[in-house]
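Heads up: the structure comes next, in structure tokens.
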Amino acid sequence: MQNSSKLIAACIIASLIGLPTLSFAKARGGGGGYSSGSRGGNSSMGFGSRGSRTHQENGAKPIEQSTTSRPSTTPPPQTTNSPTAQPTPATSPSWFQRNPLLAGIAGGLAGTWLGHMLFGATESNAKTTDTESGSGSAPASASGNSFGLILLLMAIGAGAFYFFRKSKQTPAPVFTGLSRSTSTRGSLLDVSANRSTDDVDTETYTVTSEDKAAFQQLLTEIQSAWSTQDVAALRRCVTPEMLSYFSTALAEDSSRGIQNHVEDVVLLKGDVRESWAEDGTDYATVDLRWNARDYTVSTTIPRGEPGYLVEGSEDTATESIEVWTFMRVQNGQWLLSAIQQQ
């Protein structure tokens, strides 16, 4: 019975450890990169940014890894007739909250006066016998108590009048400086900088033959830079976001002791899926189909030894299909900004 319990516990622990490992291996696919074939990483995952259309449906598999945040699906809060919702004004504090010191003094004086009225009256009743004996100090004592009470009330009234007058003379704060009409571009006060991606104005952009030639050239240069692990060459062809993804994939391959090659790239067909312009930036999403020798080798095993060829074929070309998005700023150089799977 004890051995059976140990066996069941060992199976449970093994399943808990093995389940994440199997899931991770399944997500990684067959290789260490990001594109198809050996560079699949996760062949079903799109990554990069497509401007305001990053998370829009375009017929390809959606982008799951991007620095562009997803638009909120919650409905906007109800607003008034004004262009921007005004915050509810805070309730002004009471006089006692604004003047805690005076409130404490007044409370102390009031308590003293009440104590004097109560205990003073008791003391005077206790001395009734003495006053009835004919001594002349009773009227003087009563008049002294009355005079002291008058002085106490006058002090309280003077203090209250002073602080009430001071609080009324406090000037209201005047807010000057930046407003929504004078705010700089990109600041928190700029409404246009805080609008969602759905509110971005886009225009149709027509892809030219020169653009198509640039796309084909980028396909060849990016695959060549990837094969030689030339990060500097990749930097000239892709956006900073895409460079971070490629650099991470190359580092992972290096850690695993493998290197992927995509050589002799021949573009078979390129179809423009969509093209547009927004905020001075042109975008073009293109379906690319090409042939190339796509294979992965070990960097720790000599060529010709068993285990050197990890995946693919060094001699046979294979066909790949992907959806690439290119961008350029103000008629500059086209850069790769996103990759999606077909």
Side-chain angles (χ1 to χ4, degrees), residues 28-43 45-50 63 65-67 210-268 270 283-286 288-304 307-329 332-341:
R28 289 290 302 174
Y34 278 101
S35 186
S36 62
S38 299
R39 296 196 298 129
N42 183 354
S43 59
M45 183 181 67
F47 56 99
S49 298
R50 302 175 59 246
I63 292 178
Q65 186 173 3
S66 175
T67 57
E210 290 79 6
D211 297 333
K212 296 179 181 179
F215 301 156
Q216 181 177 0
Q217 183 66 24
L218 280 174
L219 171 65
T220 304
E221 293 180 357
I222 291 173
Q223 301 288 23
S224 176
W226 168 267
S227 300
T228 58
Q229 298 184 346
D230 190 347
V231 178
L234 283 172
R235 184 180 291 109
R236 295 191 294 267
C237 301
V238 302
T239 61
E241 179 185 1
M242 293 296 292
L243 181 65
S244 66
Y245 298 146
F246 282 120
S247 300
T248 301
L250 290 175
E252 291 179 357
D253 282 359
S254 178
S255 178
R256 297 169 58 192
I258 61 175
Q259 182 176 358
N260 178 240
H261 295 266
V262 183
E263 301 170 348
D264 299 335
V265 178
V266 177
L267 180 63
L268 302 177
Y283 292 89
T285 300
V286 186
L288 297 177
R289 183 166 61 93
W290 70 87
N291 274 340
R293 293 186 296 111
D294 190 344
Y295 61 95
T296 302
V297 298
S298 173
T299 58
T300 60
I301 301 177
R303 178 185 292 272
Y308 170 75
L309 184 62
V310 178
E311 186 178 3
S313 174
E314 295 184 85
D315 303 321
T316 304
T318 57
E319 182 176 307
S320 301
I321 302 176
E322 289 181 344
V323 181
W324 287 22
T325 297
F326 303 92
M327 59 83 65
R328 68 175 181 180
V329 179
Q333 176 185 347
W334 285 103
L335 301 173
L336 176 64
S337 64
I339 292 180
Q340 297 171 268
Q341 301 303 318

Side chain to side chain contact (heavy atoms under 4.5 Å, CB included) between V297 and R303, worked out: CA-CA 9 Å; V297 298; R303 178 185 292 272; 5.9 Å; no

Apply side chain to side chain contact (heavy atoms under 4.5 Å, CB included) to V238 and L335, showing your working. CA-CA 5 Å; V238 302; L335 301 173; 5.7 Å; no

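Heavy atoms only, all atoms of each residue included: E314 and L309 are closest at CG-CD1, 4.2 Å. Here the shortest heavy-atom pairing between G307 and S298 reads O-CB, 3.8 Å. Contact record, G48 with Y245: N-CE1, 3.6 Å, taken as the closest heavy-atom pair. Between I222 and F246, the shortest heavy-atom contact is CG2-CZ, 4.4 Å. Closest of all the heavy-atom pairs between E319 and I321 is OE2-CD1, 4.0 Å. Here the shortest heavy-atom pairing between E241 and Q65 reads OE2-O, 4.3 Å.
Taking 4.5 Å as the limit, every side-chain heavy atom of E322 sits out of range of all side-chain heavy atoms of L288. Between W324 and V286 there is no side-chain heavy-atom pair separated by less than 4.5 Å. Between L250 and N260 there is no side-chain heavy-atom pair separated by less than 4.5 Å.
Using modelled atom types, one side-chain atom of Q259 and one backbone atom of S227 make a donor-acceptor pair closer than 3.5 Å. Remark: the backbone N or O of R50 is not paired with any side-chain donor or acceptor of S337 at under 3.5 angstrom. When atom types are taken as modelled, the side chain of T248 and the backbone of S244 share a donor-acceptor pair closer than 3.5 angstrom.
Side chain to side chain, S49 and S66 meet the donor-acceptor criterion of an N or O pair below 3.5 Å.
Atoms OH and CD, from Y295 and E311 in turn, are 13.5 Å apart once rounded to the nearest 0.5 Å. One distance of note links CG of D294 with CG of D264; it measures 11.5 Å at 0.5 Å rounding. We find the OG1-CZ distance between T296 and R256 to be 8.5 Å, quoted to the nearest 0.5 Å.
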Show which side-chain atoms of residues 213-220 pair as donor or acceptor with protein atoms under 3.5 Å away, not counting sequence neighbours.
unit_1 : atom_1 : unit_2 : atom_2 : d
Q217   : NE2    : E221   : OE2    : 2.8
T220   : OG1    : Q216   : O      : 3.3

